[in-house]
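In what follows, a single structure is set out as C-alpha cells and then discussed.
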Amino acid sequence: MNRERLIIKNTKGHNLQAYLELPADQKPHYFAIFAHCFTCNSNLSAVKNISRSLTSHGFGVVRFDFTGLGRSEGEFAESYFSANVDDLISVNNYITEHYKAPSLLVGHSLGGAAVIVAASRLDNIKAVATVGAPSTVSHVTHLFSHGIDEVKQKGEVKVNIGGRPFKIDKDFVEDFNKISLPEITKNLRKPLLIMHAPFDQTVGINNAHDLYHNAHHPKSFVSLDNADHLLSNPKDSKYVGNVIGTWADRYFEPKDNTMLDTNGEQLVAHLNLKEDNFTTSIQTKKHNFIADEPASIGGNDFGPSPYDFLSAGLAACTVMTLKMYAERKKWDLREVYAYITYSKKHSDDLMLDLDKPKRIDHLQKRLKFIGDLDDVQKSKLKEIASKCPVHRSLLSETVIETEVIY
C-alpha cells in the first residue's frame, strides 16, 4: 500500500490520527504536511485529492486530524488556534525523527493560517502554500459569534458550527486574538503560494489580497475560479494539488525516482482500489503522471486512459523518428502531426484473409507534414513512419513475463 497510518502524540499527550501518502515508488524525495480547515478533518475529499496530487510530484504527504477532530484524541475546545500550531510542530517533529524533516507546509482555510505561523518557527520548512486562508486568525470567530457572549457568562457552552455541535470555552475564544498573522506573514521570508477562490463565501477574496500584500517575495497568487471554499468539486482540489506541486518544483532540487533494486524496472504504476477509483499514479525515473478512465465507464477522467498512453507512445515515436530522418536527409520538414485512432475492427472489414475471421486491434495513423516537401518525399516519410521502434514493437511478437512480488 502507498498509504501508511500513523499515530502521533502531541505535546498534551493526545494521539493524533495521521496518514502518510506516498508516491507510486514509495520513496519520496521530500515530505510535506497538510493542515485541514476549521472543524474539518483529514478525510475531507479535497484534503485527500490535494495530498495525492502532491505525491505525483515526489512528495510524501502527511495529512492529520487536529486535536478533538476526526479520529484524533482530545476535545474540540482544546483545538484553539495555538494548539493547532503546536499540533503541526508535533507532526513535523515526528516525521523528522522517523523519516526526514518536512520541507513543505500546505494549509486549507484556518489551516492555511496555522501553516504560516508554524513555518515561521520551523527552520526545516522551505516553502508554504495556503488555500482559502484568512488574513487574520480572529476571522473565524464569526462562525461561533452567537455563543461568545454566553461563554463570557457561563465559561463554557455548546455552539453549532456548520450544522454540527461543538463545545467551546473562554480560552478557546480568546486564543484567536493572540496572534498577529499579518506581522508573522510579513516576517516569514519563505516562498509563499496563496490560492483563493474569487467568490469564496466563507473567507472572502480580500483575505488573499491582505496576505499577499504583507508577504515578501518570492510570493505567488493563483485564482481558483468558480471553486467554493471547501473545494467540493474534485477537479478543483486536483488542480490545487497539481499547481502546488509544480510551484514547489522551483524551490526543491529535482531528484530521480527510484524503482525496485532488482531488475532495473523502468516504470511503476500504483492504484489504491479503495480510495482512488481508477486514478493511477505512474512514475518513470524522471517523470510523474496520471492515468485514468473516462467518466463514461466510471472513471474520474483525471488523466489519459491506458489506451491513450498506448496511442501516445506510437504517435510520439513516429514524429521523433520522422524528425531524425528528415534532418539527416536535410529535407524541409518543419512540423509533423501524427493522429492516432485506436479501435476494434473485424478482419473482414479490413479485408484480411484469415482462416478464422475475428475482431482485432486496429490503430489508424494519419500524418500531416508542414514544410516544402514534394510528393516523393512525403511518400518516403510515410514509409519511414511505419519503421519507428514503437510501431515495430506493436507489430512484433511480444513476450510479457509476469511475477508476483512478496
Side-chain angles (χ1 to χ4, degrees), residues 1-36 41-44 47-48 50-74 78-79 82-108 111 114-129 190 241 244-245 248 251-261 268 270 272 274-276 281 283 288 405-406:
M1 290 184 63
N2 278 40
R3 186 185 73 175
E4 296 181 11
R5 183 172 179 267
L6 307 175
I7 299 297
I8 301 172
K9 194 174 292 294
N10 69 6
T11 55
K12 291 190 174 181
H14 296 314
N15 288 326
L16 305 180
Q17 166 89 18
Y19 288 102
L20 171 59
E21 302 282 355
L22 295 168
D25 65 357
Q26 303 183 56
K27 299 175 182 178
H29 304 157
Y30 302 97
F31 285 85
I33 302 174
F34 192 107
H36 62 71
N41 62 66
S42 63
N43 276 323
L44 187 72
V47 178
K48 292 191 286 188
I50 293 171
S51 298
R52 288 170 190 156
S53 293
L54 283 172
T55 64
S56 68
H57 290 267
F59 282 95
V61 184
V62 182
R63 53 182 175 89
F64 73 100
D65 296 333
F66 283 119
T67 298
L69 290 169
R71 295 186 177 182
S72 288
E73 295 178 348
E78 299 176 87
S79 191
S82 295
N84 289 170
V85 175
D86 290 342
D87 283 350
L88 266 166
I89 293 174
S90 294
V91 173
N92 175 85
N93 294 342
Y94 178 92
I95 300 302
T96 299
E97 180 181 352
H98 293 86
Y99 298 91
K100 180 181 178 182
S103 305
L104 172 68
L105 293 183
V106 180
H108 181 201
V115 298
I116 290 176
V117 177
S120 71
R121 302 178 186 176
L122 295 170
D123 292 337
N124 56 282
I125 299 301
K126 306 304 180 186
V128 181
K190 294 180 180 182
I244 294 174
Y251 303 105
F252 295 89
E253 180 183 353
K255 297 182 179 181
D256 290 347
N257 298 322
T258 54
M259 302 293 131
L260 296 173
D261 298 325
V268 58
H270 170 257
N272 185 322
K274 293 184 178 180
E275 299 284 349
D276 297 335
S281 299
Q283 288 182 303
N288 307 277
I405 303 172
Y406 293 97

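Numbering starts at 1 and runs along the sequence shown.
F59 and F252 have perpendicular rings, their planes meeting at more than 60° on a 0 to 90° scale where under 30° would count as parallel.
In terms of heavy-atom proximity, L122 sits nearest to K190 at O-NZ, 2.6 Å. Scanning both residues, A35 and V115, for their nearest heavy atoms gives CB-CG1, 3.7 Å. Among all heavy-atom pairs drawn from S281 and A24, the shortest one is O-CB, 3.8 Å. Of all the heavy atoms in Q283 and P23, the pair that sits closest is NE2-CB, 3.6 Å.
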**OP:** Using the side-chain contact (heavy atoms from CB on, under 4.5 Å) rule, take F31 and K100 through it: C-alpha gap first, then chi angles, then the decisive distance, then the call.
**Re:** CA-CA 7 Å; F31 285 85; K100 180 181 178 182; 3.7 Å; yes

**OP:** I would like to know whether H36 and L44 meet side-chain contact (heavy atoms from CB on, under 4.5 Å); could you show each step before the answer?
**Re:** CA-CA 8 Å; H36 62 71; L44 187 72; over 6 Å; no

Subject >> side-chain hydrogen bond (donor to acceptor under 3.5 Å, both in side chains) evaluation trace for N41 with D65 >> reply: CA-CA 5 Å; N41 62 66; D65 296 333; 5.5 Å; no

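Residues satisfying the side-chain contact (heavy atoms from CB on, under 4.5 Å) criterion with S51, sequence neighbours excluded, are E21, F34, V47, V61, R63.
Side-chain atoms of N10 come within 3.5 Å of backbone N or O of H14 as a donor-acceptor pair.
A 4.5 Å side-chain heavy-atom check between T67 and K12 finds every atom pair outside the cut-off. Proximity of F64 to I33: side-chain heavy atoms (C-beta onward) are separated by under 4.5 Å at one or more points. Looking at L22 and H270, their side chains never come closer than 4.5 Å, going by heavy atoms from C-beta outward. Considering only heavy atoms from C-beta on, Q17 stays 4.5 Å or farther from E73 through its side chain. Counting heavy atoms from C-beta on, the side chains of L69 and S79 come closer than 4.5 Å. Residues K255 and K27 form no side-chain contact, since every pair of their non-hydrogen atoms from C-beta on lies 4.5 Å or further apart. When side chains are defined from C-beta on, Y30 counts as touching E253, because their heavy atoms get closer than 4.5 Å.
A cation-pi contact, defined as under 6.0 Å to the ring centre and within 45° of the axis, is absent between K48 and Y19.
Note that CG of L104 and CD1 of I125 are 7.5 Å apart. Values are rounded to the nearest 0.5 Å. To the nearest 0.5 Å, atoms CZ (R3) and OG1 (T55) are separated by 12.5 Å. Note that OG of S42 and CZ of R71 are 9.0 Å apart. Values are rounded to the nearest 0.5 Å. Once rounded to the nearest 0.5 Å, the distance linking CG of N84 with CZ of F66 reads 4.0 Å. To the nearest 0.5 Å, the span separating CD1 on I50 from NE2 on H108 amounts to 6.5 Å.
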Mind listing the side-chain donor-acceptor pairs of residues 88-96 below 3.5 Å, one per line with the distance, residues two or more places apart or on another chain?
{"residue": "S90", "atom": "OG", "partner": "D86", "partner atom": "O", "Å": "3.1"}
{"residue": "N92", "atom": "OD1", "partner": "N124", "partner atom": "ND2", "Å": "2.8"}
{"residue": "N93", "atom": "ND2", "partner": "I89", "partner atom": "O", "Å": "3.3"}
{"residue": "T96", "atom": "OG1", "partner": "N92", "partner atom": "O", "Å": "2.7"}

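Under the side-chain hydrogen bond (donor to acceptor under 3.5 Å, both in side chains) test applied with H29, the options D256, N257, T258 reduce to a single match, N257.
Counted within 6.0 Å of CG on D123, heavy atoms from surrounding residues, nucleotides or ligands total 12 or fewer; the atom is thus considered open.
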